[in-house]
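Heads up: numbering here begins at 1 and tracks the sequence.
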Amino acid sequence: MKKMMTSLLLAAAMMTMTTACSSDDPLTTSGGTTILNGGDEGDNSGSTSGSSTITGGGSSTGSYSEMSTFTVAIDKTTAEPTDVATAQYPEASDAPSANTFGTTVNIDMTSPADPGVAGVTVTIAGNDVTVDHGSTEGINYVVTGTTTDGSLIINGKTNFGLTLNGVNITSASKTALDIECSGNAYLYAKGSNKLNDGTTEDHKGAIFAKGKLLISGDGSLEVYGNYKNGIHGKNSIVIEKGVNLYVKSTENNGIKSGGDMFINGGIINVEVSADGGKAINGDANVTINGGRTTVIATGNGTWEADETLSTGGDTKAAAGIGSDGNFYMNGGELYAKATGSGGKGVKADYEGYITGGKIRIVTEGNLYYSNGTTESHNYTGNTDNLPSAYTSSPKGMKMGGKDENEVAYGGPLVISGGDIMIRTSGNNAEGMESKGTLEISGGSVLVYAHDDAINSTGDMTISGGTVVAVGTNNDAIDANGNMYLKGGTIIACGANGAEAGIDIEEQHKLYITGGNIFAIGGRVDGNLGSTSQGIVSASGSVSANGSVSIGDGSQTYCTFVMPPVNYGGSNTIIISTPELKSGSSYTLTSGSSSVSVTASNTISSGMGGGMPGGGGMPGGGPGGR
């Protein structure tokens, strides 16, 4: 990090939790606690006699072996999860259960004909079918059949039902399903359905909806956007439990919502390949309450000209989810992947709130640079004096941004639950960032990043849950405001050399009032405000999957197991738990070797002496990371 930063190192362990332990403070148990490198089944290896073991069955289903290797792929067959939050809608009256449609209007796209239903007009021009129910209520269009060069246009003023029952519509020129009705459209997929748009006439997407669009059903719907978006809703979009939805766009976004977007359930897979394209793009808030959503963006960054800006434009990156408002995750599962330069897994312009559910994010792209004339998809130059408009950094999750005057806006990012795992591998790729404050009070957060694993522009507070952060080429946890460690398990692995496990901006401080902390990294340069618990410091090396424990001779307080990353040579190691008292002596153990250490209320690289085994932990390999 920059020399102006003050660094505090903390480092690495992994845990799984039993339901018998509090998720807010899972390590504070009578008799001591063991943090294990266990998988979903609960591996008990490495536990210390006299300590209580925390094994599988809690909120975290991830393991160390997954952190650096897991991936995200399209999956249309795995059942949607049952762990869901309460369904939400733009308005309570929009819920499908509050709307019924008893008048059936049958439309056969293979051989279209007017069924002669009162209150509905049907116009047929070749293979293009236009229906209009005006102000008639209770209409349910049931559409079947196939057309290789046609479209269905729906006009009206009231809410209506639309059942797609084995329909296949391909338009050679325009929108396949054009819903111009200003009322809500309740689309129900039955059987297998497919929609393709054309490329010769200007339009928004393969499906366009003027009013609110609510998608449900017990069948499947495939949508292919070849001109702009796959699905374009001018208003809000809701996706319900049961439907199997696949959307692919090669030119812009997969699903574009002009209002709020709610995913209450379903099996949703979205792929986009356009530069700067978003798999799911919301002009307002994006909320996930249930279902299994997979979003993959493979496009690179691009330059978007804007003469109103002093820079003449701004860089634009692809993303799995892009929200112009806030991002909410309350239940269900989200799998996001971005492979292109500057790509992001989840990005919201303002706030982010995660209360539950499972999140897996992968980014593989490098830093994108463009000034409107010259561009690079793997920029390695110095960015300190560049306008932020010229670059787009790949990030797993980002809340907020910078305005034209380089002032950060947006945030906070608040995590109170959930099972989160993020992996980034490209140049300058951070794991999780908030341009405002960042708060973690519960859940499991595992981040394995090329650059900073977790970063906040404002204050950072960790008061519960499990946080495992690995920054392979930079800091693990980096706060540009104050940092408050109040509880939970804080796990941070910074890179060797000048990087740190926890980095605090020079004008701010670290305050410790709780939490089980184990840290390793290249240095310690602390700006400690205060601590209510003792801190033990040592130096040495730790091999991948090696274990370190701290106790008082009669019992072991904590045993930490390293992730699969070697720390060779001399590294600064810090341990702090609520049981440690400044001035008291403790036993620090690695394998079969032990050494006596004294806790302090300061952080010092020279405190505590070497690790057991002659100045370095046994098994530490040669060289640094």
Side-chain donor or acceptor of Asp197 paired with backbone N/O of Asn226 under 3.5 Å: yes
Whether Thr424 side chain and Ala429 backbone form a donor-acceptor pair below 3.5 Å: yes
Rounded distance [0.5 Å steps], CE in Met397 versus CE in Met399: 5.0 Å
Chi angles and distances behind the side chain to side chain donor-acceptor pair (under 3.5 Å) call for Asn252, Lys228: CA-CA 5 Å; Asn252 200 15; Lys228 282 187 179 178; over 6 Å; no
Value rounded to 0.5 Å, distance of CG in Leu438 from OG1 in Thr457: 10.0 Å
Per-pair distances, 0.1 Å, donor-acceptor, side chain in residues 163-171, under 3.5 Å, sequence neighbours excluded:
from   : atom 1 : to     : atom 2 : distance (Å)
Ser171 : OG     : Ser173 : N      : 3.3
Ser171 : OG     : Lys174 : N      : 2.9
Ser171 : OG     : Lys174 : O      : 3.2

Backbone N/O of Asn378 and side chain of Ser376: donor-acceptor pair under 3.5 Å: yes
Atom pair OG/OH of Ser392 and Tyr369 - distance to nearest 0.5 Å: 14.0 Å
Residue from Lys395, Lys435, Arg423, Lys398 passing salt bridge (Lys or Arg N to Asp or Glu O under 4.0 Å) with Glu430: Lys395
4.5 Å side-chain heavy-atom contact, Val346 and Val295: no
Side chains of Ile237 and Ile263 in contact at under 4.5 Å (non-hydrogen atoms): no
Tyr368 vs Pro394 side-chain heavy atoms within contact, under 4.5 Å: no
Within residues 135-151 or reaching into it, pairs that qualify as salt bridge (charged side-chain N to carboxylate O under 4.0 Å, His left out) - sequence neighbours excluded: none
Worked verdict on Ser416 versus Thr355 for side chain to side chain contact (heavy atoms under 4.5 Å, CB included): CA-CA 5 Å; Ser416 58; Thr355 64; 3.6 Å; yes
Pairs satisfying salt bridge (charged side-chain N to carboxylate O under 4.0 Å, His left out), at least one member in residues 309-318, at least two apart: Glu304-Lys316
Residue pair Arg360 / Val72: nearest heavy atoms and the distance that separates them: O-CG2, 4.0 Å
Test log, rule side chain to side chain contact (heavy atoms under 4.5 Å, CB included), inputs Ile420 and Ile354: CA-CA 9 Å; Ile420 304 166; Ile354 301 172; 3.9 Å; yes
Check: Asn140/Thr104 side-chain N/O donor and acceptor closer than 3.5 Å: no
Asn285 side-chain N/O to Gly325 backbone N/O, donor-acceptor pair under 3.5 Å: no
From Asp128 atom CG to Ser151 atom OG, the distance as rounded to the nearest 0.5 Å: 3.5 Å
Side-chain donor-acceptor pair present, Asn289, Gln88, cut-off under 3.5 Å: yes
Pairs meeting criterion ring-ring contact (aromatic ring centres under 6.0 Å, His included) with involvement of residues 280-325, two or more places apart: none
Between Tyr186 and Phe101, ring centroids under 6.0 Å: yes
Minimum heavy-atom distance between Leu177 and Thr175, given as atom pair plus value: O-CG2, 3.2 Å
Side chains of Glu433 and Ser456, donor plus acceptor under 3.5 Å: no
All side chain to side chain donor-acceptor pair (under 3.5 Å) counterparts of Tyr390, not counting sequence neighbours: none
Atom of Asn193, atom of Gly191 and distance for their closest heavy-atom approach: ND2-O, 3.3 Å
Where Ile255 and Met261 come nearest, the two heavy atoms and their spacing: CG2-CE, 3.8 Å
Polar contact flag, side-chain donor to acceptor under 3.5 angstrom, Asp306-Thr308: yes
Student check: side-chain heavy atoms of Lys76 and Glu222 closer than 4.5 Å: yes
Contact summary for Tyr227 and Glu251, nearest pair of heavy atoms: O-CB, 3.1 Å
Sequence-distant partners of Thr391, side chain to side chain donor-acceptor pair (under 3.5 Å), two or more places apart: none
Any side-chain heavy-atom pair of Leu214 and Leu187 under 4.5 Å: no
Polar side-chain atom of Asp419 near backbone of Gly443 as donor-acceptor pair, under 3.5 Å: no
Residue pair Glu240 / Pro96, side-chain heavy-atom distance below 4.5 Å: yes
Donor-acceptor under 3.5 Å (Ser249 side chain, Asn253 main chain): yes
Beyond-backbone contact of Thr147 with Val129, side-chain heavy atoms, under 4.5 angstrom: no
Interatomic spacing from NE2 in His450 to CG in Asn428 - rounded to 0.5 Å: 8.5 Å
Any pair counted as salt bridge (charged side-chain N to carboxylate O under 4.0 Å, His left out), so long as it reaches residues 366-376, sequence neighbours left out: none
Selection residues 230-239 - residue pairs positive for side chain to side chain donor-acceptor pair (under 3.5 Å), sequence neighbours left out: Asn229-His232
Test item: Tyr89 and Val238 side chains (from C-beta on) under 4.5 Å apart, heavy atoms: yes
Parallel, tilted or perpendicular, as decided by the 30° and 60° cut-offs, for the rings of His133 and Tyr141: tilted
Separation of Ser393 OG from Asp451 CG (nearest 0.5 Å): 7.5 Å
Donor-acceptor contact present, side-chain Ser220 to main-chain Asn244, <3.5 Å: no
Extract all donor-acceptor atom pairs below 3.5 Å that involve side chains of residues 265-273 and protein atoms in other chains or at least two apart in sequence.
from   : atom 1 : to     : atom 2 : distance (Å)
Asn269 : OD1    : Asp75  : N      : 3.0
Asn269 : ND2    : Asp75  : O      : 3.0
Glu271 : OE1    : Tyr246 : OH     : 2.4

Residue pairs fulfilling salt bridge (charged side-chain N to carboxylate O under 4.0 Å, His left out) with at least one residue in residues 203-217, sequence neighbours excluded: Glu91-Lys212, Asp94-Lys212
Residues forming a side chain to side chain donor-acceptor pair (under 3.5 Å) with Asn300, sequence neighbours excluded: Ser341
Heavy-atom closest contact (Gly320 atom, Ala279 atom, distance): O-CB, 3.1 Å
Residues which pass side chain to side chain donor-acceptor pair (under 3.5 Å) with Glu364, listed by chain and number, not counting sequence neighbours: none
Side chain to side chain contact (heavy atoms under 4.5 Å, CB included) evaluation trace for Lys256 with Asp283: CA-CA 8 Å; Lys256 169 72 173 181; Asp283 285 349; 2.5 Å; yes
